[in-house]
K.L.:
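Okay, here's the structure, questions in a sec.
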Number of protein chains: 2
Amino acid sequence: MDKRTVLIVDDEEEMRLLVGMYLENAGFRCLEAGDGDEALAILAQQPVDAVLLDVMMPKQDGFAVCARIREQSDVPILFLTALGEEWDKVKGLKLGGDDYIVKPFSPGELIARLEAVLRRARRSREQNGRLQFGELAIDEKGRTVAVGGEMVKLTLKEFDLLLFLAKHRGQVFSRDDLLVKVWGYDYTGNARTVDTHVKTLRMKLKDAGRHIQTVWGIGYKFEG
Amino acid sequence: MDKRTVLIVDDEEEMRLLVGMYLENAGFRCLEAGDGDEALAILAQQPVDAVLLDVMMPKQDGFAVCARIREQSDVPILFLTALGEEWDKVKGLKLGGDDYIVKPFSPGELIARLEAVLRRARRSREQNGRLQFGELAIDEKGRTVAVGGEMVKLTLKEFDLLLFLAKHRGQVFSRDDLLVKVWGYDYTGNARTVDTHVKTLRMKLKDAGRHIQTVWGIGYKFEG
DNA sequence: CACATTTGTGAAAGAAGTTTGAAATCGCGC
DNA sequence: GCGCGATTTCAAACTTCTTTCACAAATGTG
């Protein structure tokens, strides 16, 4: 299981721990930063799926940090703001924040907002032709695939097959379905060809090959 | 692989080594200078992608060196400043520095700032119609191309094709796409024409020709 | 447990796409 | 209209990918 990673930026350790607990209960992996500099350092080092950013911080406020993050990354940012700072909403969202949540908040609300922001980010990425499943990244326009940052060279059919399955993740397709959808309706070859491509895909994708699953008696599916 | 080159200017050797180590771990090539004169000498001799400039130096402080660099170059400059010299920020940035970073800093923060500055510089160059990929430089307005400082003479179609691909780097185009985008929607010739132009481009660009990649079964793309 | 069916694998033939060199054609300046 | 560089066409040589096939391994069944 690859957990999604959230970076919590808040000067108060207590708040970080509290939020971190909520998130970990909900199955996220948490990183913490006490100020903007730490946050930037972490973001530069490892991929993060979302940032929770406190607005009120001593050294640099959340908006300044948000602006600096946006210089180098379009990671989704969710502001945490105390009651009565509502005016900040506009300011924050204009600066490239994706949502804001007013303290005090319930675990449920936090998770719901976070999931919503992550869903939106995923959709937006997919509209740009970039699919991401944990360590597996697929770039439709560039026709490239990377596993854990490492480029993997795929042939035409391998790429098309992977892309199709990934775009329709969760759905099972028979070999004949795949021949029609990926090879074209007028393809007349042997259905076992699909097996061979699945084999090479799994081999080339290493660990990430587990996304392509065999459904015995039916065919294959991509599980993301 | 063409590494990006960073010039570190600091009177303390220890600091130069430390920073140099950080940068080399992050895949940069490092040059070092102990004072402003050395720095200028190096800048005059070889292309540098960014300068890290210590503010506090005995012979000539960082601001003076920055001003002298700016007389001859618009290379991005990142100041290194000790805590408590915050006022220097304004002065530094006004003098043409692109960012500043307060010591002590983490490797992650250094790299993040540096990448941000380099990205900004690239965007600004591109808005002026100058694209740069390692040793390959394309000037859209002047319709000239240079590889490692050496001018390369391209014909009309060669230049248009290269420019289009470079502007849309990372994206794959079929030969037919390219005929429409570069030759015009009403072009009716043979798609193999593209191959020939790619061939001559690769030949003329020498090493830099590797930026133009064949995507088997689809077409070509520029990888920068 | 033995049998039937389905899936995985490795190697090799076959198919398809790309590169290359040379020749034909185009088109602009003179 | 001529000359010359630029552009396009063409086909052979070459490279890479795709498919097939036979057998091994795994899974489900009576």
Side-chain angles (χ1 to χ4, degrees), chain A residues 143-145 151-165 172-223, chain B residues 143-145 151-165 172-223:
Chain A
R143 296 185 64 90
T144 58
V145 170
M151 278 299 191
V152 175
K153 214 182 144 201
L154 296 186
T155 67
L156 178 85
K157 284 287 186 285
E158 286 160 11
F159 183 86
D160 287 346
L161 177 59
L162 177 64
L163 183 65
F164 178 81
L165 287 172
V172 186
F173 295 92
S174 71
R175 292 170 177 70
D176 287 331
D177 284 345
L178 292 172
L179 285 180
V180 171
K181 302 287 193 177
V182 177
W183 273 254
Y185 70 93
D186 53 353
Y187 183 81
T188 57
N190 186 323
R192 297 304 305 281
T193 296
V194 176
D195 297 40
T196 297
H197 287 277
V198 168
K199 174 188 59 169
T200 59
L201 267 177
R202 297 213 257 231
M203 190 250 291
K204 289 184 178 179
L205 297 181
K206 304 269 173 61
D207 284 353
R210 73 188 134 68
H211 288 291
I212 303 176
Q213 299 179 352
T214 303
V215 180
W216 209 90
I218 307 289
Y220 298 100
K221 72 169 169 175
F222 187 100
E223 203 57 78
Chain B
R143 295 185 64 88
T144 58
V145 170
M151 276 301 189
V152 175
K153 214 183 143 198
L154 296 186
T155 66
L156 179 89
K157 284 286 186 286
E158 286 161 10
F159 183 86
D160 286 347
L161 178 58
L162 177 64
L163 182 65
F164 179 82
L165 287 172
V172 184
F173 296 93
S174 71
R175 292 171 177 71
D176 288 331
D177 284 346
L178 292 171
L179 286 180
V180 170
K181 302 286 193 176
V182 178
W183 273 256
Y185 69 94
D186 52 354
Y187 183 80
T188 56
N190 187 322
R192 283 272 100 84
T193 296
V194 177
D195 298 38
T196 298
H197 286 275
V198 167
K199 176 186 58 169
T200 60
L201 267 177
R202 295 213 257 231
M203 191 249 291
K204 288 184 178 179
L205 296 181
K206 303 272 171 62
D207 283 355
R210 74 189 132 67
H211 289 291
I212 303 176
Q213 299 182 350
T214 304
V215 179
W216 210 91
I218 304 289
Y220 298 99
K221 72 170 166 174
F222 188 101
E223 203 59 80

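In what follows, chains carry the letters A, B, and so on, assigned in the order in which the sequence lines appear, proteins first and then strands, with residues in each chain numbered from 1.
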K.L.:
Using whole Å, report how far NZ of B:K157 lies from P of D:dT9.
P.N.:
12 Å
K.L.:
What integer distance in Å separates A:M203:CE from D:dT18:P?
P.N.:
13 Å
K.L.:
Without decimals, in angstroms, what is the distance between B:L178 CG and D:dT7 P?
P.N.:
15 Å
K.L.:
Whole angstroms only, please: what is the NZ-P distance between A:K204 and C:dG10?
P.N.:
15 Å
K.L.:
Within the structure shown, what part of the strands sits under 4.0 Å from A:Y220 by heavy-atom distance: base, sugar-phosphate, or nothing?
P.N.:
sugar-phosphate
K.L.:
In this structure, is the centre-to-centre distance between the rings of A:F173 and A:F164 below 6.0 Å?
P.N.:
yes
K.L.:
Quick one: B:W183 CH2 to D:dT8 C1', roughly how many Å, whole number?
P.N.:
10 Å
K.L.:
With sugar-phosphate meaning primed atoms plus P, OP1 and OP2, does B:Y187 contact a base, only sugar-phosphate, or nothing at under 4.0 Å between heavy atoms?
P.N.:
sugar-phosphate
K.L.:
Which value, rounded to the nearest 0.5 Å, describes the distance between A:Y220 atom OH and A:Q213 atom CD?
P.N.:
12.5 Å
K.L.:
Could you tell me whether the phosphate oxygens of D:dT19, OP1 or OP2, come under 4.0 Å of any side-chain nitrogen or oxygen in A:H197?
P.N.:
yes
K.L.:
Name the nucleic acid region contacted by A:K199, choosing base, sugar-phosphate or nothing; use a 4.0 angstrom heavy-atom cut-off, strictly under.
P.N.:
base
K.L.:
Just checking B:T193: base, sugar-phosphate only, or nothing, at a heavy-atom cut-off of under 4.0 Å?
P.N.:
base
K.L.:
Tell me what B:T155 touches on the nucleic acid: a base, only sugar-phosphate, or nothing, going by heavy atoms under 4.0 Å.
P.N.:
sugar-phosphate
K.L.:
Supply the atom-to-atom distance A:I212 CD1 to A:L201 CG, rounded to the nearest 0.5 angstrom.
P.N.:
4.5 Å
K.L.:
In Å and rounded to the nearest 0.5 Å, what is the NZ to CZ distance from B:K204 to B:F159?
P.N.:
12.5 Å
K.L.:
Checking all strands, does B:D195 fall into the base, sugar-phosphate, or nothing category for heavy-atom contacts under 4.0 angstrom?
P.N.:
base
K.L.:
Give a yes/no answer on whether the side chain of B:T214 brings an N or O atom under 4.0 Å of OP1 or OP2 in C:dT19.
P.N.:
yes
K.L.:
Taking atom types as they are modelled, is there a donor-acceptor pair under 3.5 Å from the base of D:dT9 to the side chain of B:T196?
P.N.:
yes
K.L.:
Using atom CZ of B:R192 as one end and atom C1' of C:dG17 as the other, report the distance to the nearest whole Å.
P.N.:
7 Å
K.L.:
Side chain of A:W216 only, please: which of C:dT7, D:dT9, C:dG17 is the nearest?
P.N.:
C:dT7
K.L.:
Nearest nucleotide by nearest heavy atom, which residue falls closer to the 5' end of DNA chain D, A:L154 or B:A191?
P.N.:
B:A191
K.L.:
Looking across every strand, which nucleic acid part, if any, lies under 4.0 Å from A:I218 by heavy atom: base, sugar-phosphate, or nothing?
P.N.:
sugar-phosphate
K.L.:
Grab the CG-C1' distance between B:L162 and D:dT7 for me, whole Å please.
P.N.:
17 Å
K.L.:
Inspect the contact between B:K157 and B:D160 and indicate whether a charged nitrogen and a carboxylate oxygen are less than 4.0 angstrom apart.
P.N.:
no
K.L.:
Hey, which of these two, A:V215 or B:G217, hits DNA chain C nearer its 5' end, going by closest nucleotide?
P.N.:
A:V215
K.L.:
Within this structure, what is the CZ-CD distance for the pair B:R202 and B:E158, rounded to the nearest 0.5 Å?
P.N.:
13.0 Å
K.L.:
D:dT18 C1' sits how many Å from A:R175 CZ, rounded?
P.N.:
17 Å
